[in-house]
Amino acid sequence: MMGFIEKFIMPFALKLGNQRHLLAIRDTLIGMIAITIVGSFAVLFNNLGQIIPPYGRMMEAIFGSNWSTLGGDIWFGTFAFLSVFAVFGISYKLARSYGDDGFEAMLISAACFFLLLPQTANVTLPIDEAATETVAGGVWGLVSVNYFNATALFTAIIVALIATEIFLRLSKIKALVIKMPDGVPPAVSKSFAKLVPGMGTIFLAGLFGVVFRMVTDGKVLNDWLNTVIVSPLTNAVDSLPFAVLIVLLVHLFWMVGLHGPNILGGITTPLFEKTGAENIDLAQAGVQALGEYHILAGSFLDAFVYLGGSGATLGLIIAMIIAGRKRYKQMIGLGGAPGVFQINEPILFGLPIVLNPIWFIPFVLGPVITTIISYLAVEYGIVPPVTAKIPWVTPPIVGGYLATGGSFLGAGLAALNLLISTVVYLPFVYAQVKIDSKNKTELTKDSDSVSV
């Protein structure tokens, strides 16, 4: 197995992990963590009023009946414009990877994204207390927030990547570069040098938008993508087989020393960000129907599977403590505290688990089992879906509580998974102890023979 992975999978994984477009997507969405976490916690604090009525009454007594306005405003300033932030960030990161400063590319990509959006929205106006009237043709300049939030995330990614590539390639054509005299300030000269490429990129995006609407009977790019590609893709991703596949690949990569989450992050991060953000939007809107929520969303794996880090190695540390062997004292001290905060490199490379066949089965099997249990628990309504984004360093059990909107059922599921991980690791800890004892005995016999 190790030989197969090293020969056939590692080369592909390394290329995938270093692919500049996937890196730009992954790094941007990770860089937005402050925005997404504060937005999700704002929704969490608002919803706690429904989950814990005394909390809601206390907040109303202190801040008045509109106490949830603050949380709603924070959500609007974060999740409502998630795709806009993504356009700026992805374009900037991608341009920087080519050696460009990224500033002009970022602005040009944003302009291309905005011009591809619908410029009108249908609204209803009250005629009297009993009737409403739809404004014919919609209101110009009124754009739905759904074209800026997570619903448009894949459109933002595609536009940012393509617009940046076009702009940078046009910038390399000498005939399109305007050279200013030497006395012109550098900032002005630099702007004029990319003037024609920027104008050309925006013009091409606008021309594409017009032709696209003609071909699709008036549909804008975002609506077409959501209908034809994004919705079917999201449904396929939000499934138990996909969840198991991702967890399996992550841990197979780790076993040969490759950072699985980072390698797959360019693919999985936008998917999980989108489903997680949509869950948070549903929670913000007060949707109660669990069938509307995604299961594999946002911080699902961090809250229920990666307990102590990849491989749920906090369970391994607990198993070492249960075994009570002196051999593991140093490893428990080295990996225990970081493991509580989901950092497990000391265990992965210190034990080691990486490239160690003895730990292959529990390291891979434990997370697969807990993934299946967690998915089914949410699917059958035993545990609430993930409706808040948590930092990946959030301690286990606490993460399960926060990610599910303050549900003790979420904390209970995380605790159960931690127990399962410990049980899976325990036989292998004892087996390792026996192997070490046997090796020590044989080494002692060899030493005695040499002495004689």
Side-chain angles (χ1 to χ4, degrees), residues 15 17-35 77 81-119 140-141 143 147-149 152-215 220-222 224-225 265-266 269-270 273:
K15 289 182 180 180
N18 293 320
Q19 211 284 326
R20 68 172 77 240
H21 300 88
L22 295 180
L23 282 175
I25 296 170
R26 186 199 69 192
D27 292 347
T28 296
L29 296 179
I30 292 175
M32 291 160 51
I33 191 169
I35 293 173
F81 295 95
L82 199 66
S83 295
V84 178
F85 302 140
V87 170
F88 280 97
I90 292 170
S91 180
Y92 176 80
K93 290 286 187 180
L94 180 59
R96 295 281 292 181
S97 73
Y98 282 108
D100 190 86
D101 66 2
F103 182 73
E104 291 88 353
M106 176 177 66
L107 299 180
I108 296 299
S109 295
C112 293
F113 175 73
F114 290 131
L115 69 84
L116 291 172
L117 300 180
Q119 299 176 15
W140 186 87
V143 184
Y147 292 103
F148 299 112
N149 62 14
L153 184 58
F154 279 90
T155 304
I157 291 172
I158 293 171
V159 171
L161 294 177
I162 295 177
T164 303
E165 288 287 352
I166 293 174
F167 173 71
L168 293 178
R169 278 160 174 69
L170 292 178
S171 299
K172 293 179 180 179
I173 301 175
K174 293 183 178 180
L176 300 180
V177 176
I178 300 176
K179 293 185 178 181
M180 302 298 290
D182 294 337
V184 176
V188 177
S189 178
K190 192 175 181 181
S191 297
F192 271 88
K194 297 181 178 179
L195 176 63
V196 176
M199 293 171 58
T201 303
I202 294 174
F203 176 79
L204 289 174
L207 182 62
F208 168 80
V210 171
V211 174
F212 189 86
R213 287 193 293 272
M214 291 173 58
V215 173
V220 295
L221 177 63
N222 183 72
W224 183 85
L225 283 174
T269 301
E273 285 288 340

* Set of ring-ring contact (aromatic ring centres under 6.0 Å, His included) partners for F208, sequence neighbours left out -> F212

* To do: Measure the CG-CG distance between L115 and L207 for me, rounded to the nearest 0.5 Å.
  => 11.0 Å

* Quick one: CD1 on I162 to NE2 on H21, what's the gap to the nearest 0.5 Å? -> 9.5 Å

* Might you point out which heavy atoms bring F113 and S83 nearest each other, and give the distance in Å? => CZ-CB, 4.2 Å

* **Steps toward side-chain contact (heavy atoms from CB on, under 4.5 Å) verdict (R26, L23)** => CA-CA 5 Å; R26 186 199 69 192; L23 282 175; 3.2 Å; yes

* Only counting residues at least two apart or in another chain, list the ones meeting salt bridge (Lys or Arg N to Asp or Glu O under 4.0 Å) with D100. => K194

* Can you list the residues that meet the side-chain contact (heavy atoms from CB on, under 4.5 Å) rule with I173, with sequence neighbours excluded? -> L170, A175, L176

* To do: Mind checking the CG-SG spacing from L117 to C112? Nearest 0.5 Å is all I need.
  => 11.5 Å

* Between L116 and G209, what is the shortest heavy-atom contact and its length? -> CD2-CA, 3.6 Å

* To do: Not counting sequence neighbours, which residues clear side-chain contact (heavy atoms from CB on, under 4.5 Å) with V210? List them please.
  => R213, M214

* State which residues pass side chain to side chain donor-acceptor pair (under 3.5 Å) with T155; sequence neighbours excluded, sorted by chain then number. => N222

* Indicate the atoms forming the closest heavy-atom contact of G265 with P270, along with that distance. => O-CD, 3.7 Å

* To do: Apply side-chain contact (heavy atoms from CB on, under 4.5 Å) to F85 and I35, showing your working.
  => CA-CA 9 Å; F85 302 140; I35 293 173; 3.9 Å; yes

* Structure fact -> Heavy atoms of G198 and I108 approach each other most closely as CA-CD1, 3.7 Å

* So, S91 side chain and A105 main chain: donor-acceptor pair closer than 3.5 Å or not? -> yes

* Quick one: salt bridge (Lys or Arg N to Asp or Glu O under 4.0 Å) partners of R169, sequence neighbours excluded? -> E165

* **Donor-acceptor contact below 3.5 Å, side chain R20 vs main chain S97** => yes

* Asked: Any side-chain heavy-atom pair from Y147 and V220 closer than 4.5 angstrom?
  -> yes

* Asked: Taking only residues two or more places apart in sequence or in another chain, which ones pass ring-ring contact (aromatic ring centres under 6.0 Å, His included) with F81?
  -> F76, F148

* Measure the CG-CG distance between L29 and L82 for me, rounded to the nearest 0.5 Å. => 7.5 Å

* Could you give me the CA-CA distance, side-chain angles and deciding distance for T269 and I25, then say whether side-chain contact (heavy atoms from CB on, under 4.5 Å) is met? => CA-CA 8 Å; T269 301; I25 296 170; 5.9 Å; no

* Structure fact -> Sorted by chain and number, sequence neighbours left out, side-chain contact (heavy atoms from CB on, under 4.5 Å) with A110 holds for V87, F88, F114

* Counterpart residues, side chain to side chain donor-acceptor pair (under 3.5 Å), relative to N149 (two or more places apart) -> N146, T151

* Using side-chain contact (heavy atoms from CB on, under 4.5 Å) as the criterion, list what pairs up with Q119, not counting sequence neighbours. => W140

* Can you tell me how far the CG atom of L94 sits from the CZ atom of F167, to the nearest 0.5 Å? -> 12.0 Å

